[in-house]
**Q** 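Structure below; questions to follow.
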Amino acid sequence: KWLAYYSNESGRNEIYVQNFPVPVAKYQISTEGGIGPRWRRDGREIFYVSLENKLMSVALQTTDKTVEVSAALPLFDIGQGPTGISYGSRQQYDVTADGQRFLVNVPVDRSVETPRLIVLNWLSSIKR
């Protein structure tokens, strides 16, 4: 019944929650900017990335028509680089259904040499 999204309608990216499919009420969730909102499966918490690249948590109480929002709490740094860094079509992070674990997509440290393996004549090793 509720949709979380981010928009720059205020002049910077902020997180909002709006009822769905009929938009009657809209609530601003972030106060210092944010992108990439994700719901905890039970709908009682939203996570997002702040402008300082911290993963934030906001507890919510929802009814069919209203949302009560608690203060945002920082959880941890999500990585270096500017907020809104483009990962192409990939998401910057995701959260488990219970909101206890996170998978974070971070750039690889290019200063570390990665070993490469090249296999020649690999087709000849296939049994026919």
Side-chain angles (χ1 to χ4, degrees):
K1 301 205 183 231
W2 293 94
L3 174 72
Y5 65 95
Y6 72 95
S7 169
N8 66 355
E9 63 193 72
S10 69
R12 74 172 168 200
N13 289 330
E14 297 285 359
I15 307 299
Y16 298 91
V17 171
Q18 186 169 357
N19 19 2
F20 183 83
V22 180
V24 175
K26 177 171 64 173
Y27 298 87
Q28 185 171 332
I29 302 302
S30 61
T31 58
E32 299 293 323
I35 63 167
R38 305 280 186 281
W39 289 95
R40 191 172 79 188
R41 181 176 287 171
D42 64 8
R44 294 185 179 168
E45 192 172 17
I46 287 182
F47 304 96
Y48 67 90
V49 180
S50 75
L51 298 180
E52 292 81 31
N53 285 311
K54 294 189 184 308
L55 189 67
M56 306 295 285
S57 166
V58 176
L60 302 172
Q61 290 292 324
T62 61
T63 67
D64 286 344
K65 297 180 182 178
T66 64
V67 174
E68 289 182 31
V69 180
S70 68
L73 300 172
L75 299 178
F76 57 87
D77 283 333
I78 198 163
Q80 298 298 320
T83 298
I85 187 169
S86 174
Y87 288 93
S89 62
R90 296 173 291 174
Q91 300 297 321
Q92 190 170 359
Y93 76 98
D94 207 354
V95 59
T96 57
D98 62 2
Q100 299 301 304
R101 291 178 300 280
F102 301 88
L103 180 64
V104 179
N105 186 10
V106 295
V108 174
D109 181 3
R110 299 284 183 204
S111 66
V112 177
E113 189 63 32
T114 304
R116 291 173 174 78
L117 175 64
I118 300 174
V119 179
L120 301 173
N121 297 320
W122 63 272
L123 282 174
S124 64
S125 66
I126 299 174
K127 294 181 181 179
R128 297 177 191 230

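Every heavy atom of this structure was used, including side-chain atoms; hydrogens, water molecules and symmetry mates were not.
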**Q** Is it possible for you to say whether Ile35 and Phe76 belong to one hydrophobic cluster, with membership spreading through side-chain heavy-atom contacts below 4.5 Å?
**A**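 In one cluster with Ile35: Phe76, yes.
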**Q** How close do Gln92 and Val49 get, heavy atom to heavy atom, and via which atoms?
**A**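 Heavy atoms only, the tightest pair is OE1-CG2, 4.2 Å.
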**Q** Of the non-hydrogen atoms in Phe102 and Leu75, which two are nearest, and what is the gap between them?
**A** CZ-CD1, 3.9 Å
**Q** Ignoring hydrogens, what is the shortest heavy-atom contact between Arg44 and Asp42? Give both atom names and the distance.
**A** N-OD1, 3.0 Å
**Q** Give the other cluster members for Leu103, using side-chain heavy-atom distances under 4.5 Å between Ile, Leu, Val, Met, Phe, Trp and Tyr residues; answer none if it is isolated.
**A**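 Noted: Leu103 shares its cluster with no other residue.
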**Q** Which heavy atom of Tyr48 sits nearest a heavy atom of Ala72, and at what distance?
**A**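 Looking at all heavy atoms of both residues, the closest pair is OH-CB, 3.5 Å.
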**Q** How many angstroms lie between CG in Asp77 and NZ in Lys54, if you round to the nearest 0.5 Å?
**A**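 So the CG of Asp77 and the NZ of Lys54 are separated by 3.5 Å.
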**Q** Who are the side-chain contact (heavy atoms from CB on, under 4.5 Å) partners of Ala4, not counting sequence neighbours?
**A**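 With neighbours one apart ignored, the set is Val17, Pro37, Trp39, Ile46.
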**Q** Would you say the side-chain atoms of Asn19 pair up with the backbone N or O of Val24, donor to acceptor, closer than 3.5 Å?
**A**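 Yes, the answer is positive, given that a donor and an acceptor are paired below the 3.5 Å cut-off.
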**Q** Under 3.5 Å, is there a donor-acceptor pair between the side chain of Glu45 and the main chain of Ala59?
**A** no
**Q** Tell me whether Tyr5 at atom OH has more than 12 heavy atoms from other residues, nucleotides or ligands lying less than 6.0 Å away.
**A**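 Atom OH in Tyr5 is packed in, count exceeds 12.
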**Q** For Glu9, enumerate each residue passing the salt bridge (Lys or Arg N to Asp or Glu O under 4.0 Å) test, keeping only those at least two apart in sequence or located in another chain.
**A** Lys26
**Q** Counting N and O atoms only, with roles assigned by atom type, does the side chain of Arg38 sit under 3.5 Å from a partner on the main chain of Gly36, one being a donor and the other an acceptor?
**A** yes
**Q** Where is the tightest heavy-atom contact between Gln18 and Pro23, given as atom of each residue plus distance?
**A**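 That closest heavy-atom pairing would be NE2-CB, 2.7 Å.
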**Q** Should side-chain heavy atoms under 4.5 Å link Ile, Leu, Val, Met, Phe, Trp and Tyr, which residues sit in the same cluster as Leu73?
**A** none
**Q** Under 6.0 Å between ring centres, would you say that holds for Phe47 and Tyr93?
**A**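 Not under 6.0 Å, so no.
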**Q** Calculate, to the nearest 0.5 Å, the distance between atoms CE and CD1 belonging to Met56 and Ile15 respectively.
**A** 10.5 Å
**Q** Is the backbone of Arg12 close enough, under 3.5 Å, to the side chain of Ser10 for a donor and an acceptor to pair up by distance?
**A** yes
**Q** Testing the basics here: between Ala25 and Trp2, what is the closest heavy-atom pair and its distance to 0.1 Å?
**A** O-CZ3, 4.0 Å
**Q** Taking side-chain contact (heavy atoms from CB on, under 4.5 Å) as the definition, give me every residue that meets it alongside Asp64, ordered by chain and number, with sequence neighbours left out.
**A** Lys1
**Q** For the atom pair OH (Tyr16) and OG (Ser7), what is the distance rounded to the nearest 0.5 Å?
**A** 5.5 Å
**Q** Using salt bridge (Lys or Arg N to Asp or Glu O under 4.0 Å) as the criterion, list what pairs up with Arg41, not counting sequence neighbours.
**A** none
